[in-house]
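What follows is a short report on a single structure.
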2 protein chains.
Amino acid sequence: MSKHPPAVDVEALCCSPLMRRPLSADESTELARMFKALADPVRLRLLSLVASHAGGEACVCDLTDAFDLTGPTISHHLKVLREAGLIDGERRGTWIYYRVRPAALGALATVLTASALPERVGT
Amino acid sequence: MSKHPPAVDVEALCCSPLMRRPLSADESTELARMFKALADPVRLRLLSLVASHAGGEACVCDLTDAFDLTGPTISHHLKVLREAGLIDGERRGTWIYYRVRPAALGALATVLTASALPERVGT
DNA sequence: AGCTTGTTTCGATGCCTGTCTATGCAAGGG
DNA sequence: CCCTTGCATAGACAGGCATCGAAACAAGCT
């Protein structure tokens with residue numbers, strides 16, 4: 001498992017909240033890639049299982065029982081999350097332990113955050 | 001255009017940050033639906049154009065020139081955003097003006113936000 | 001009523017994606 | 001070396017989705 005995860009240009013993302021100015025085509029493509037990784041119920045549940053697991057990490061063996069899916073499907077989903085830069089994996093013997101990358105999630109959260117604009121009254 | 005937009009259970013979402021406990025199947029389905037609406041570059045750019053437009057709103061006529069796409073495609077994307085509860089539309093004469101729903105985006109941001117957990121050193 | 005402008009909906013189409021089975025790779029032990 | 005366990009990859013397939021052109025709907029004007 002690589003010590004150099006997929007490049008997530010966190011700095012660029014954290015300074016481009018989508019509510020302040022139009023996103024460029026490049027920014028929107030990169031953000032869409034990350035949101036797409038989150039746009040599946042199984043992947044969201046995998047992410048939350050990993051993040052909330054004891055020690056902040058979980059091996060694949062901790063994850064598969066929570067789903068009525070085969071191992072290859074779980075592997076595929078973990079790969080999508082990993083390639084989107086949302087999780088990292090580390091091999092320990094036979095097992096692979098995954099961790100969430102909080103900075104990547106935080107960057108997405110920042111992009112979605114308005115400057116405390118209230119929702120329009122009466123909408 | 002309905003005064004009662006699609007129900008976004010904002011309260012339920014805001015209290016279920018995915019990093020603190022495993023998401024339920026229902027929660028993950030609802031979140032995935034919203035993230036899926038954001039998982040397209042055109043829709044992200046539409047959202048940012050609407051949000052950053054003067055007055056915090058934009059009519060479809062303000063949006064279509066920014067894309068090399070047909071009107072029906074823009075309408076389709078706006079519909080996806082609307083049905084995901086991320087924007088609202090209001091008809092004014094011939095025109096329809098769209099606004100972002102900050103509370104919905106804020107709820108997503110909150111879900112993604114960890115309690116300031118630093119990224120693991122050395123990952 | 002007809003006409004114009006703005007927007008949405010419908011249906012077709014090519015591309016994308018979640019899931020499975022089969023297979024391959026990695027690590028550990030004898 | 002072989003065997004076992006754990007996990008990832010490859011390929012097929014059915015369902016989903018972005019896009020278009022055609023059609024329909026909404027609003028305003030004469």
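Every chain is numbered from 1 and lettered A, B, ... according to where its sequence line falls, protein lines coming before strand lines.
A/Arg82 places its CZ atom 7 Å from the P atom of D/dA8, with the value rounded to the nearest Å. Atom CD of B/Glu83 is separated from atom P of D/dC17 by 12 Å (rounded to the nearest Å). In this entry the distance linking CZ of B/Phe35 with C1' of C/dT17 reads 19 Å, nearest Å. To the nearest angstrom, C1' of D/dT5 lies 13 Å from CD1 of A/Ile96. Separating the CG atom of A/Leu63 from the P atom of D/dG6 is a distance of 14 Å, rounded to the nearest angstrom. Atom pair B/Leu78:CG and C/dT7:P shows a separation of 10 Å (rounding to whole Å applied).
An OP1 or OP2 oxygen of C/dC16 is reached within less than 4.0 angstrom by no side-chain nitrogen or oxygen of A/Lys36. Phosphate proximity of C/dT19 to A/His77: present, with a side-chain N or O under 4.0 Å from OP1 or OP2. In this model, the phosphate group of C/dT7 is not approached by any side-chain N or O of B/Tyr97 to a distance below 4.0 Å at OP1 or OP2. Close to C/dT19, at under 4.0 Å from its OP1 or OP2, lies no side-chain N or O of A/His76. Between A/Ser75 and D/dC7 there is no side-chain N or O to OP1 or OP2 distance below 4.0 Å.
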Which pairs would a plain distance check flag for residues 64-71 of chain B, meaning a side-chain donor or acceptor within less than 3.5 Å of a matching protein atom at least two apart in sequence or in another chain?
unit_1  : atom_1 : unit_2  : atom_2 : d
B/Thr70 : OG1    : B/Thr73 : OG1    : 3.1

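Residue pairs meeting the ring-ring contact (aromatic ring centres under 6.0 Å, His included) criterion with at least one partner in residues 27-57 of chain B, sequence neighbours excluded, are A/Phe35-B/Phe35. Sorted by first then second residue, the disulfide bond (SG atoms under 2.5 Å apart) pairs that include residues 20-53 of chain A, not counting sequence neighbours, number zero.
Under the side chain to side chain donor-acceptor pair (under 3.5 Å) criterion, A/Ser24 pairs with A/Glu27, sequence neighbours left out. For A/Arg43, the side chain to side chain donor-acceptor pair (under 3.5 Å) partners are A/His77, not counting sequence neighbours.
Within residues 40-50 of chain A, no residue has any heavy atom under 4.0 Å from DNA chain D.
B/Ile74 comes within 4.0 angstrom of nothing in the nucleic acid, heavy atoms only.
Hydrophobic clustering (ILVMFWY, side-chain heavy atoms < 4.5 Å, transitive): A/Leu47 and A/Val60 are in one cluster. No continuous path of ILVMFWY side-chain contacts below 4.5 Å connects A/Val80 to B/Leu38, so the two sit in separate hydrophobic clusters.
A donor-acceptor contact shorter than 3.5 Å links the side chain of B/Ser48 to the backbone of A/Leu23. In this structure, the side chain of B/Arg91 engages the main chain of B/Gly93 through a donor-acceptor pair within 3.5 Å.
Terminal axes of the helix from C/dA1-D/dT30 to C/dG30-D/dC1 (five pairs each, C1' rotation axis) are separated by 10°, to the nearest 10°.
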Counting primed atoms, P, OP1 and OP2 as sugar-phosphate and everything else as base, the B/S/- map of nucleotides 23-30 of chain D against protein heavy atoms under 4.0 Å is ---SSS--
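Here the closest heavy-atom approach between residue A/Leu44 and residue B/Ser28 is recorded as CD1-O, 3.4 Å.
Comparing atom distances between the A/Thr73 side chain and each of C/dT21, D/dA8, C/dT19 picks out C/dT19 as nearest.
Results of the side-chain contact (heavy atoms from CB on, under 4.5 Å) test with A/Val50 over A/Leu63, A/Leu86, A/Leu81 single out A/Leu63 as the only residue that passes.
Of the charged side-chain nitrogens involved, at least one lies within less than 4.0 Å of a carboxylate oxygen, so that A/Asp88 and A/Arg101 count as a salt-bridged pair.
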